[in-house]
Amino acid sequence: MSTVIISGTQWGDEGKGKIVDYLASQANVVVRFQGGSNAGHTVTVNGEEYKLRLIPSGILCKDTLCVIANGVVFDPQVFLEEVETIKSRGIDTSNIRISNRAHVVMPWHKIFDELNEELRGDKKIGTTKRGIGPCYIDKADRIGIRVCDLIDPEEFAARCREVLTQKNFILRKVFNHAPISYEKVLNEYEIYAEKIAPYVCDTITLLNEEIDAGKKVLFEGAQATMLDIDYGTYPYVTASHPISSGVGVGTGVAPKKIDKVFGVVKAYCTRVGEGPFPTEQLNEIGDKLRTAGHEFGTVTGRPRRTGWLDACVVKYAGQLSGIDYMAVTRLDILDDFDEIKMCVAYEVDGKILNEIPASLKVLARVNPIYETFEGWKSDISQVKTYDELPDNAKKYLERMAEVTKIDLGIISVGPNRDQTIVVAENIFE
Ligand code: GDP
Ligand code: IMO
Ligand code: MG
């Protein structure tokens, strides 16, 4: 048995895709367990960039089974576009499996995502507008449409009519919005159903059998801890559980079958969308981080908000997900900084906090306590071993491990596979 979860520890875009792709060469199966096409995972192989939103980042490793599990909200349109793009670049997609229990993102979910954001005005969340929240709302409201319903023409036609009647009523009465055509949706989704049917199966049985047969399984988180609907900066969060516990309900693999958890930590911090961000740098440091790191969203192209590493947040992620090892990414982006700061504690009203405040009012008032590190001022992008890293980089990393109480597992110094320093041994054992 050998199962590893990869989970984001900050506000997303930590480089989960790169770490998953790197480890996928040693795995048999890679599984997405939550979120949907709000994710944007960029993977670079031999200098070529691939942008993945729904398909697991294991797709770029030959023979790896790629599973979209039941916890994902599945947008067939995005999926089929992604399949075409990937195929056109010579990648085999026959190894993809989609859960028959995953909920389907329907056209009304995207419309409601837009309308709800408009309605929130200056309280908007800054969603990716991919219909993610509304799809999870319908799942909880018991009016969702699952993949097994989509590929059953009779069931789909009936379910779609029933749900659309309700949605069109709300669109007309509440938003004064034009109705959605039932026939149009039916025709469009019938084509999707036919195309996705060969990929659909019971992924619960598949995954449990693979694990029981001793296969190596990697669970690929999307989004991250601070965007978790229970543990993040609510309401400025996504609608799913990116923490490691999300794997249990999102795949049907029981917690006792999980062996290790990796937390991906960007060496500094970014956030897309609204909500508190204690270490944000709204100054020339933030601009420099954005420019050096090309910090613009993969899905929406929005400039990412930037700031120093918040070790309090990473420590919290460690507790919540039971993180064994950190995979620190983008350390090379800090190559040219004279000094680097790390937030090691939060202070409010003269008191050091022992937790991440639940109240956003309090979180907005925290005073981050920084430690300052001397920069290494050299190009680390070709460094292959931990020992070869400059002393100042090691000091920064070792303090990060000390404050967060999480061991260093992987250090990434560039987007390519060969820009990866492995510190933890026997990751899959
Ligand atoms: P994800 O959503 O967590 O998978 O992260 P994104 O793909 O949205 O953003 C991370 C970006 O950083 C991608 O463009 C990666 O190719 C890139 N990347 C990952 N690790 C490194 C690294 O160590 N150094 C540099 N320079 N880029 C990296
Ligand atoms: P990856 O997997 C960064 C953010 C949005 C918004 C909030 C809610 O690439 O790390 P949603 O559309 O999910 O309802 O938006 O969550 N968000 C992300 N931010 N990386 C992501 O994914 C994100 N997915 C959602 O910007 O603030
Ligand atoms: Mg991303």
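Start at 1 and go down the list; that is how both ligands and their atoms are numbered.
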[X] contact mode with ligand 2 (heavy-atom cut-off under 4.0 Å):
| X | result |
| --- | --- |
| D113 | neither |
| E14 | neither |
| R302 | side chain |

Within the 4.0 Å heavy-atom shell around [X], which atoms of ligand 2 are there?
| X | value |
| --- | --- |
| G126 | 5 (C), 6 (C), 26 (O), 27 (O) |
| W11 | 3 (C), 19 (N) |
| L227 | 4 (C), 16 (O), 17 (N), 18 (C), 19 (N) |
| D13 | 1 (P), 3 (C), 9 (O), 10 (O), 20 (N) |
| V237 | 7 (C), 8 (C) |
| K16 | 1 (P), 2 (O), 10 (O) |
| A222 | 2 (O) |

Would you mind finding which of [options] brings a heavy atom closest to [atom]?
| atom | options | answer |
| --- | --- | --- |
| atom 17 (C) of ligand 1 | E14, R330, R53 | R330 |
| atom 6 (P) of ligand 1 | G17, A39, G40 | G40 |
| atom 14 (O) of ligand 1 | I411, T44, T42 | T42 |
| atom 25 (C) of ligand 1 | V272, D332, I6, D21 | D332 |

Hydrogens and angles aside, do K18 and T420 bring a side-chain donor and acceptor to less than 3.5 Å of each other?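 There is such a pair (donor and acceptor under 3.5 Å, judged by atom type) between the side chains of K18 and T420.
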In terms of side-chain heavy atoms, does E388 have a donor or acceptor partner in T385 at a distance below 3.5 Å?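 There is such a pair between these side chains.
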Is the shortest side-chain N to carboxylate O distance from [X] to [Y] below 4.0 Å?
| X | Y | value |
| --- | --- | --- |
| E402 | K315 | no |
| D13 | R271 | no |
| R290 | D287 | yes |

Under the rule for side chain to side chain donor-acceptor pair (under 3.5 Å), what residues qualify as partners of T270, not counting sequence neighbours?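 Partners of T270 under the side chain to side chain donor-acceptor pair (under 3.5 Å) test: K266.
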Is the contact between I333 and ligand 1 made by the side chain, the backbone, both, or neither, using heavy atoms and a 4.0 Å cut-off?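 I333 to ligand 1: side-chain contact only, backbone stays beyond 4.0 Å.
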Which part of R304 is near ligand 1, with near meaning a heavy atom under 4.0 Å away: side chain, backbone, both or neither?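 For R304, the contact with ligand 1 is made by the side chain alone.
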Give a yes/no verdict on whether any heavy atom in R130 is under 4.0 Å from an atom of ligand 2.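 Not so, R130 does not reach ligand 2.
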List-wise, which protein N, O or S atoms are found short of 2.8 Å from the Mg ion (ligand 3)?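 Sorted hits: D13 OD1, G40 O.
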Parallel, tilted or perpendicular, as decided by the 30° and 60° cut-offs, for the rings of F112 and F175: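 Ring orientation, 0 to 90° scale: perpendicular.
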Nitrogen or oxygen of [X] less than 3.5 angstrom from that of ligand 1:
| X | result |
| --- | --- |
| G15 | yes |
| K18 | no |
| V43 | no |

For the CG atom of D332 and the OG atom of S412, what is their distance to the nearest 0.5 Å?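 OG of S412 is found 7.0 Å from CG of D332.
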Aromatic ring proximity, centroids under 6.0 angstrom, F79 and Y192: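 That pair fails the under 6.0 Å test.
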Just to check, does G414 reach to within less than 4.0 Å of ligand 1 when the distance is taken from its heavy atoms?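 Under 4.0 Å: yes for G414.
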